[in-house]
There are 6 protein chains.
Amino acid sequence: MREDLRNTNQLRPITMIPNFVKHPEGSVLIQVGETKVICNASIEDRVPPFMRGQGKGWITAEYSMLPRATQERNIRESSKGKVSGRTMEIQRLIGRALRSVVDLNVIGERTVWVDCDVIQADGGTRTASITGAFVAVVLAFGKMLEQKKMNKMPVTDFLAATSVGVLADGTEILDLNYEEDSKAAVDMNIVMTGAEEFVEIQGTGEEATFSFTQLQMMLNLANEGLKQIIDIQKETLGDLAVRIGETIKDGDK
Amino acid sequence: MREDLRNTNQLRPITMIPNFVKHPEGSVLIQVGETKVICNASIEDRVPPFMRGQGKGWITAEYSMLPRATQERNIRESSKGKVSGRTMEIQRLIGRALRSVVDLNVIGERTVWVDCDVIQADGGTRTASITGAFVAVVLAFGKMLEQKKMNKMPVTDFLAATSVGVLADGTEILDLNYEEDSKAAVDMNIVMTGAEEFVEIQGTGEEATFSFTQLQMMLNLANEGLKQIIDIQKETLGDLAVRIGETIKDGDK
Amino acid sequence: MREDLRNTNQLRPITMIPNFVKHPEGSVLIQVGETKVICNASIEDRVPPFMRGQGKGWITAEYSMLPRATQERNIRESSKGKVSGRTMEIQRLIGRALRSVVDLNVIGERTVWVDCDVIQADGGTRTASITGAFVAVVLAFGKMLEQKKMNKMPVTDFLAATSVGVLADGTEILDLNYEEDSKAAVDMNIVMTGAEEFVEIQGTGEEATFSFTQLQMMLNLANEGLKQIIDIQKETLGDLAVRIGETIKDGDK
Amino acid sequence: MREDLRNTNQLRPITMIPNFVKHPEGSVLIQVGETKVICNASIEDRVPPFMRGQGKGWITAEYSMLPRATQERNIRESSKGKVSGRTMEIQRLIGRALRSVVDLNVIGERTVWVDCDVIQADGGTRTASITGAFVAVVLAFGKMLEQKKMNKMPVTDFLAATSVGVLADGTEILDLNYEEDSKAAVDMNIVMTGAEEFVEIQGTGEEATFSFTQLQMMLNLANEGLKQIIDIQKETLGDLAVRIGETIKDGDK
Amino acid sequence: MREDLRNTNQLRPITMIPNFVKHPEGSVLIQVGETKVICNASIEDRVPPFMRGQGKGWITAEYSMLPRATQERNIRESSKGKVSGRTMEIQRLIGRALRSVVDLNVIGERTVWVDCDVIQADGGTRTASITGAFVAVVLAFGKMLEQKKMNKMPVTDFLAATSVGVLADGTEILDLNYEEDSKAAVDMNIVMTGAEEFVEIQGTGEEATFSFTQLQMMLNLANEGLKQIIDIQKETLGDLAVRIGETIKDGDK
Amino acid sequence: MREDLRNTNQLRPITMIPNFVKHPEGSVLIQVGETKVICNASIEDRVPPFMRGQGKGWITAEYSMLPRATQERNIRESSKGKVSGRTMEIQRLIGRALRSVVDLNVIGERTVWVDCDVIQADGGTRTASITGAFVAVVLAFGKMLEQKKMNKMPVTDFLAATSVGVLADGTEILDLNYEEDSKAAVDMNIVMTGAEEFVEIQGTGEEATFSFTQLQMMLNLANEGLKQIIDIQKETLGDLAVRIGETIKDGDK
């Protein structure tokens, strides 16, 4: 059993508060254990220069932490005048993951800006960001459908993310908090769809290595966890979840 | 009467949720109407180079907005690689205001970092930041007292801020929301103490000017409003407000 | 009496040398005591993107100090790669003040760039900049009128600035030099028009506070000083001052 | 069969020219097909601030491309004034991978700087960089051993990287060139040790997803390829490869 | 005689490998003693904004060193976020020199980007860059001629560069290596054409001065050396050298 | 005869106003025709890190132009966030030139900061900067001698700079103004000592070339002009010029 009394295959409690901020087209506050991220999706009626004239849309993400989201205060990236490598890596990951389940042709020449701002961090901020960002994006598309600016839900499947890892003693665990993450020998982030297909696998031995068997164990843990997370997304999205289900069925035909 | 049905001398509803984020020494979520700001105060056990060896502390503030705190999404200052003039002006104002009611000798060689992060903006973000920052700083000092790291409350008086203005038709109003602020001929921010002394007055004719009589009218409105805001601060701070009261009495002797 | 033998309500000697630099449309070297600022106004035949197509002009200001304008040499902002918060605050103040007495519709789609470069600093550089910038801008408009590029003087009133303050012993004084400024408990900058209307009031307690009575005393001192400064502007501008007078009368009808 | 006539499980020709540049402690020019990377390892006799006083060393990597390594010329990151997200991601990956097979305690308080400069790009620059960087680092350690600055080889195992992918038609292939990479539905980079343990797995569906079965197929391809690459490393390193073998045996005891 | 056994008027061995990198229109690896520079010329079908609509082309150069081209590793300029004064000076010199022997009207509205990347440095990197850049540019124009994108060779004469200097003992020497360069009292870079006309002379007393007689001696040494270097260029360019010869004859008419 | 009626070998009128700004240790306003530069020398009691512990001093220069020193307004380098290549080149030139006539051992561990700020530009700003900077530096050393902070004048000779050029028609001319400079085929800056030794020669064919005979003609013109300029420096410096004369004689022994 773990420090916070969870089983190795147990997620932390997850809640999502939709429409948390009023101005964005889609907004959600996601809490995964003590990690809290505001995910806002904004729709802009144009695409970046490299996409113009193709009739397709684009999705891009930005990620940031409040300076005191962490135990020690961090210097703001705006004060440093540059964005760290870690931030860029996470931003690219979130954008790529979302694009894999959105039909960019349906969006038209629009950009979806996804802002993930961590207000409290306790491990798993990038996976919580992806899970929350998916919901924010669907909410934004919902508003577009309501306003007749789009004629079908552009989302082709559900999408969620979580982390798995291997502790120093060799135990595989699901959904690492900060304490566990900083001690883990192996750390892996998995992004998966509702159809249980992988979108992204990023596994790293932290001054350590891992075997194929350990990989399999971790993927199984992730799979079980992600199915539960997607259920929470469905509950949060209500009718919009149903519309995604219809899109998926259409796609299957 | 105003668009949102307030009287000219009426504040918007104000609420403060203390301990909103768990890591900072002091944290509050302040809401003034639809404006919401997370104010976090962090204590660092050293001072900036220009202050070293004087046995005194320092207070500095940073201010930022989430990209979608506003109606239109703004580009992050970290992406632009530089902080705007407006942001710097506000940061300097918050820091200066707080330092006017804190005895820096009592703090010892420590820095108080105050982070004001606007998550939703509807006018008055800088004054809400000052009002909330004061509470966050007192909470942080409260924790220091509890942990016996300080032996008396370094705060010498209460501190709050609000805005006043003159509409195009010449009416003076208190606590402008975004709509009013963008139409006002004159815009003034007032920072005041519990003793009704001014800490900062910043009045600007926006392609307009104002007379001494109008100035007096605005200062009266501000005075009435700020007394109400300080009452809400006292309520939020509970026992800590009492300790500030004691410090004030000591100072009077 | 003060260190430099002035009375509390006495300005430092002020001189203005028009046409100090030959290339700009308007140029003046203003000296206020030992403070010397080159104010240049340049007319550009287009407006910034956010103003295009409105048939209106724009006025913007930049402020800088030579590295050795001060007692200790300062690092150039170009070497640091960024402009300080103080500089930005001053630039915004100068631009805002000038726009309050210029009819931007008369200018047409042109930008007035005002450069205030301090070559020697002894307190009051921002107020000297505003006072000198006003003269430079009027000179530039004079040249435009002469060249028939404008058909009336766009300036709607005179504009000047000065500082007032409260010393540690409670004395209110006018036009602080560097020595006085660094010791003052309260420091206030006032921008006023020829009609004695306020354009900007910025009063700051430096780790101190001030009462309404002190505010009134300071505003009176400023008022008396600013009338004298505007007289010097009129003398410097000669015929152009007369033209502004005519515009004001027209405006009154 | 593929455009360049390779089988799906066939690597491109690989050559490594050791001591390509004369100043660095370790240097190699690695060619993988038409991709050419200069990998230089430099030993500095101190560690970054966050590592000081622990008696341990550090390894960090930088990655860059000549502007015309690619078909179209790219703007230099030094001209843009900032490093792209892609570059940072790759730098972090290379450093992390190398640290997983180096005993940082053996190095002592030294930093190994690894510079991977791509002079010609045709896909797989990041995996070629890792494979070449490993050789450069071993060469640098070899020089340290020769100069008696270290008393044992700090490398605990061999390390190499390659890419695998899934084409649009569902075929899994090994070692993608630029053409293949830009068309692939799934792209995966694998870093593995001589003991066939994973160090890093980064698999991405490019606007696509992949199943567990496809993942297994790709990992098998990578495994076969990486064993061949490590054989080429051993040949290049000669005696130094033997010394690594000895370290591995020691570690096994 | 010198440390490396050369006579005072003797060049180091020079070799040039044309088409060293495959993507650029023109590419050469130049080696001058132990100094090695990759010179790539890229043709872009547009000119910078300040040149548009004139029917003329432009040539611009960028210069960089790999971090470990030198004895001690240098920090990358992309990491520092800015380009050094030395780099800019060299870039401007290379571009200016090339433009003096190219008829920009013949190029049409195209930009030639010349990238000089030093992979190993041992003195004279800027002069080697000019000598190599000339060859890369001619190769690029050769390709344009072949592809019928230009109808005549735009190069009006040969161009090469070398350094001369005065040692502490007063001896004038040709083609300084790093060791000599760091000890020299006077250091001079000469860029000359095939017609033995000067394009650029940059002579600097390094905390020293030099007389007119010394200047004459140095210019003679340079003249002799540059004729030999141009012979090597001709050999490398083969048929293209002949075409330049024809252009020169045409120009003479 | 030239547009401004000067002979080909005639300088523009030169004046120097010493002690132009009050704070710097040395200050001069130099005017060469319509070019005006404020040259300030500041003495700092420490040297940059790379010079520490050697008991020697350092001289460094910074150069800048007011935005409206020129016909068209230029964007400030502080607004652009970076210093241009041209500025860096000039800064390096001024510093290098001054160091060639100053005995850095006599200064002790001090840095001389020389700021050359062009307030009006009409050609030859870099040579006027050097000529004026020399005077400012001597004035600063004069103050150090007076205050007994140095025990002898560290200047080993006079130093001045001017430009020469070749017009399109082949005429060689001295001291080019902006009009001439922008039309010249060849442009050359010469820095010379009182002993008529060269410190720096920078000659550039602007899309043109020049012969050895033309070089000789230009050097003669420069030589005659520079002797006159040094006479004006001597007059400006008065007694301090005598002290330099004594230092030179001492050096000759």
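A quick note: this is a predicted structure, and the numbers were derived from the prediction, not measured. We name chains A, B, ... by the order of the sequence lines, and we start the count at 1 in each one.
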Run the side chain to side chain contact (heavy atoms under 4.5 Å, CB included) check on A:T204 and D:I201 step by step: do they pass? CA-CA 7 Å; A:T204 301; D:I201 294 179; over 6 Å; no
Between D:V199 and A:F210, does the side chain to side chain contact (heavy atoms under 4.5 Å, CB included) criterion hold? Intermediate values first, please. CA-CA 7 Å; D:V199 166; A:F210 56 103; over 6 Å; no
Under the side chain to side chain contact (heavy atoms under 4.5 Å, CB included) criterion, do A:Q216 and D:F212 qualify, and how do the steps go? CA-CA 9 Å; A:Q216 271 179 312; D:F212 185 71; 3.7 Å; yes
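Note: D:E200 CD to A:T209 OG1 = 12.0 Å, rounded to the nearest 0.5 Å. Taking NZ from A:K82 and NZ from D:K82, the interatomic distance works out to 11.5 Å, rounded to the nearest 0.5 Å.
At a heavy-atom cut-off of under 4.5 Å, chain D is reached by A:R86, A:M88, A:E89, A:R92, A:R96, A:R99, A:S100 from residues 86-101 of chain A, listed in order of number. Using a 4.5 Å cut-off between non-hydrogen atoms, no part of residues 159-171 of chain A approaches chain D.
Note: D:G85 leads D:G85, D:A208, D:S84, D:A195 in heavy-atom pairs under 4.5 Å with chain A. Between chain A and the residues D:G81, D:G205, D:G203, D:S211, the most heavy-atom pairs under 4.5 angstrom are made by D:G203.
For chain A, the nearby part of D:T193 is the side chain; its heavy atoms alone come within less than 4.5 Å. With a 4.5 Å cut-off on non-hydrogen atoms, A:V83 touches chain D through its backbone but not through its side chain. For D:V186, no part lies under 4.5 angstrom from a heavy atom of chain A.
Taking a 6.0 Å sphere around NZ of A:K80, one finds it holds more than 12 heavy atoms contributed by other residues, nucleotides or ligands. The environment of CE in A:M51 is crowded: more than 12 heavy-atom neighbours from other residues, nucleotides or ligands sit within 6.0 Å.
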